[in-house]
Structure formats: C-alpha cells, structure tokens
Amino acid sequence: MMASNKTLSSWQATWQSWAKRIDALSLRERAFIFLCLAAILIAIADSLIITPLKLEAQALAKAQLKQNQDLKQLREQFTASAAPLGASSAPGGQDEGSQLKARLATAQQQQAQLRLAVDAGFKNLLQSQVPGSNTATAGSSKQQGPQQLPELLATLLKQHPGLSLLKLASLPEGQGPAQFATQANSKGMSQAAPQAANAASAANPGNAANAANAEMPLTWQGLELQVAGEYLDQMRYLRQLELALPRLHWGELRLWSQGDGKPVLLQVQVFLPKARAS
C-alpha cells in the first residue's frame with residue numbers, strides 16, 4: 001500500500017507539473033502542442049491500423065485483377081476453340097455434328113439389315129427342319145439349308161466385333177455328334193427293332209413309313225469353327241448360336257490361350273440334322 005501510494009502521488013505530482021507548464025504557455029503555444037499530439041496520434045494510427053488495412057486491400061485488388069485476367073484468357077480460348085465448330089456448322093461448311101449423325105444412322109441401318117438377314121436365314125433354316133412339310137419345301141430346304149448354315153454362322157459372327165473368324169470348314173460326310181453315334185451303334189447291334197418295325201407294318205400299313213423313318217439313322221451337317229477373341233465374347237457368341245438354332249448339337253470344343261496380350265482361341269464343332277431321305 002505504501003509503494004502504490006507513493007507511485008500514485010508521483011504521477012499526480014508529474015501531471016500537476018505538466019499542467020502548470022501548459023497553463024504557463026500562451027494560447028498559440030498550446031494550439032501548437034495539441035496539433036503535434038494529434039499528428040503523433042494520427043501517425044501511430046496510420047502505422048498500426050490504416051497501413052495494414054490498405055496493404056490487405058491492395059493484395060485483394062491484385063488477386064481479383066489476376067482472376068479477371070485468367071477468366072478473360074479462358075473466354076478467349078473458349079471462343080477460339082468454338083470458332084471452328086461454328087464455321088463448320090455454317091451454311092456451305094462441313095458440319096462435323098451432321099457427319100457424325102449420318103455415320104451413326106448408316107451404322108444403325110446396316111445393323112438393322114444384318115439382323116433382318118440373320119433372322120430370315122434362321123427362319124428358312126428352321127423351316128427346312130420342320131417335319132411334315134410338303135415335298136417342294138423339303139426339296140428346296142435340302143438344297144438351301146446346308147449351304148446357308150456357314151453363311152449364317154459367319155453373318156452372326158459380325159454382330160460380335162471383338163471376335164475374328166480364323167477357320168470355317170465342313171466336317172466329313174457322315175460324322176455326327178458322339179452321343180448319336182453311340183446310339184446308332186447300339187441300335188445296329190440290336191435285332192429287336194427291325195422285327196418290331198415289320199410287326200408294326202403288318203398290323204397297320206399306314207404306320208410302316210413312320211416306323212421305318214424312326215429306325216433310319218440321322219444324317220448330319222457338321223462344321224468346324226475356329227474363332228479368336230476374348231473369352232466372354234466367345235461364350236456370348238456360342239449362347240447366341242444355341243438360342244437361334246434350338247436343334248443345333250455341339251461336338252468337340254477346344255479352348256486354349258496363346259499367352260499374355262494375345263486373344264484366346266476357340267475351336268468348336270457344330271452339327272445340324274439334315275432332312276431324312278424319303
């Protein structure tokens with residue numbers, strides 16, 4: 001308490017001495033002192049508050065100016081890149097958009113024609129296998145069906161751009177699926193079937209032809225197909241074949257890889273029953 005009282009009294013004595021000095025000055029001297037004090041306060045405020053704010057405002061202005069310049073450059077680049085497109089779309093110029101649309105329409109039209117050709121070929125091929133058709137239809141089917149099957153396989157392959165046809169060859173005459181060959185051998189060893197056919201013909205002559213046809217072995221058209229491409233594309237192609245030709249039978253199937261970065265090779269044998277001889 002004693003020390004604080006001494007400090008306060010010293011401050012009071014100092015202020016009183018300054019007040020006496022100021023009171024002793026003339027009016028002009030007092031005005032000059034107050035102006036000097038005001039200038040000092042303004043300088044302190046400028047250095048501590050005004051100047052930092054001014055510098056920050058200048059930095060913000062520079063950043064905004066730079067952003068405006070960048071935006072201007074981007075607009076100029078966009079205008080320069082859009083100018084050729086506008087010129088190409090002008091009357092008399094080459095419209096790239098129209099060309100792309102025309103190419104897309106042409107590709108779609110070709111794809112539609114390809115699908116129609118495949119559907120028509122499959123329809124004719126299936127009609128050639130329908131029992132009970134008239135003689136003219138059966139005769140034409142015998143001539144057209146076998147010749148159309150390789151074309152249909154190759155045409156259907158065009159719907160899979162990732163696949164390439166390496167080989168499409170006919171198998172030897174008389175070769176058929178393994179399961180039917182086994183059945184034919186077992187029937188050849190049995191003697192009960194001819195006797196049953198003779199008995200059926202004697203009992204009902206109208207069923208004689210049916211019994212004979214039932215015992216007559218099937219004849220097959222066999223093709224060996226070799227395709228290169230991705231495995232999934234090959235499986236889709238085989239699935240499409242199976243759905244399009246319900247009476248198609250599969251033979252030997254071989255699948256092997258050629259190494260890293262090379263397409264997978266698929267070799268498969270397909271068989272289609274021909275119309276039985278009358």
> Roughly how far, to the nearest 0.5 Å, is the CD atom of Gln159 from the CD atom of Gln240?
Replying inline: 5.0 Å
> Can you tell me how far the CG atom of Leu241 sits from the CG atom of Leu157, to the nearest 0.5 Å?
Replying inline: 8.5 Å
> Taking it one step at a time, do Leu223 and Gln269 satisfy side chain to side chain contact (heavy atoms under 4.5 Å, CB included)?
Replying inline: CA-CA 6 Å; Leu223 293 175; Gln269 295 178 351; over 6 Å; no
> Do Gln234 and His160 have side-chain atoms, one donor and one acceptor, less than 3.5 Å apart?
Replying inline: no
> Would Leu156 end up clustered with Leu253 when hydrophobic side chains under 4.5 Å apart are linked, directly or stepwise?
Replying inline: yes
> Rest of the hydrophobic cluster containing Trp15 (Ile/Leu/Val/Met/Phe/Trp/Tyr, side-chain heavy atoms under 4.5 Å)?
Replying inline: Trp11
>> For the CD atom of Gln109 and the CG atom of Leu104, what is their distance to the nearest 0.5 Å?
In response: 11.5 Å
> Please, which pairs that meet ring pair (Phe, Tyr, Trp, His ring centres under 6.0 Å) have at least one residue in residues 246-269, sequence neighbours excluded?
Replying inline: Phe180-His249, Trp220-His249
> In chain order, what residues pass the side chain to side chain donor-acceptor pair (under 3.5 Å) check against Gln226, with sequence neighbours excluded?
Replying inline: Gln267
What donor-acceptor contacts under 3.5 angstrom involve side-chain atoms of residues 64-78, with partners at least two apart or in another chain?
{"residue": "Asn68", "atom": "ND2", "partner": "Gln64", "partner atom": "O", "Å": "3.2"}

> Quick one: do Leu27 and Phe34 end up in the same hydrophobic cluster if we chain Ile, Leu, Val, Met, Phe, Trp and Tyr together by side-chain heavy atoms under 4.5 Å apart?
Replying inline: no
> In Å, rounded to the nearest 0.5 Å, how long is the span from CZ of Arg28 to CD1 of Ile33?
Replying inline: 13.5 Å
>> Which residues pass the side chain to side chain donor-acceptor pair (under 3.5 Å) test with Arg236, not counting sequence neighbours?
In response: Asp233
> What closest approach, in Å, do Pro150 and Leu168 show between heavy atoms, and which atom pair accounts for it?
Replying inline: O-CD2, 3.5 Å
> What heavy-atom pair brings Tyr237 and Leu225 nearest, and what distance separates the two atoms?
Replying inline: CE2-CD2, 3.5 Å
> Are side-chain heavy atoms of Phe271 and Leu171 found at a separation under 4.5 Å?
Replying inline: yes
> When you look at Val268 and Leu238, which way does the side chain to side chain contact (heavy atoms under 4.5 Å, CB included) test go after all the steps?
Replying inline: CA-CA 9 Å; Val268 61; Leu238 296 182; 4.3 Å; yes
>> Under the criterion side chain to side chain contact (heavy atoms under 4.5 Å, CB included), I'd like the reasoning laid out for Leu163 against Leu266: C-alpha separation, chi angles, the key distance, then a yes or no.
In response: CA-CA 10 Å; Leu163 300 180; Leu266 170 69; over 6 Å; no
>> Hydrophobic clusters here meaning ILVMFWY residues chained together by side-chain heavy-atom distances under 4.5 Å, can you tell me if Leu153 and Leu265 are in one?
In response: no
> Short question: side chain of Arg30, backbone of Ile22 - any donor-acceptor pair under 3.5 Å?
Replying inline: yes
> So do the side chains of Gln258 and Pro263 get within less than 4.5 Å of each other, counting heavy atoms only?
Replying inline: yes
Would you list the atom pairs, donor with acceptor, under 3.5 Å between side chains in residues 41-60 and any protein atom, with sequence neighbours excluded?
{"residue": "Asp46", "atom": "OD2", "partner": "Thr51", "partner atom": "OG1", "Å": "3.2"}
{"residue": "Ser47", "atom": "OG", "partner": "Ala43", "partner atom": "O", "Å": "3.2"}
{"residue": "Ser47", "atom": "OG", "partner": "Ile44", "partner atom": "O", "Å": "2.9"}
{"residue": "Thr51", "atom": "OG1", "partner": "Asp46", "partner atom": "O", "Å": "2.7"}

> How many angstroms lie between CZ in Arg247 and CG in Leu272, if you round to the nearest 0.5 Å?
Replying inline: 7.5 Å
>> Just verifying a value: how many Å separate Arg254 CZ and Glu224 CD, rounded to the nearest 0.5 Å?
In response: 9.0 Å
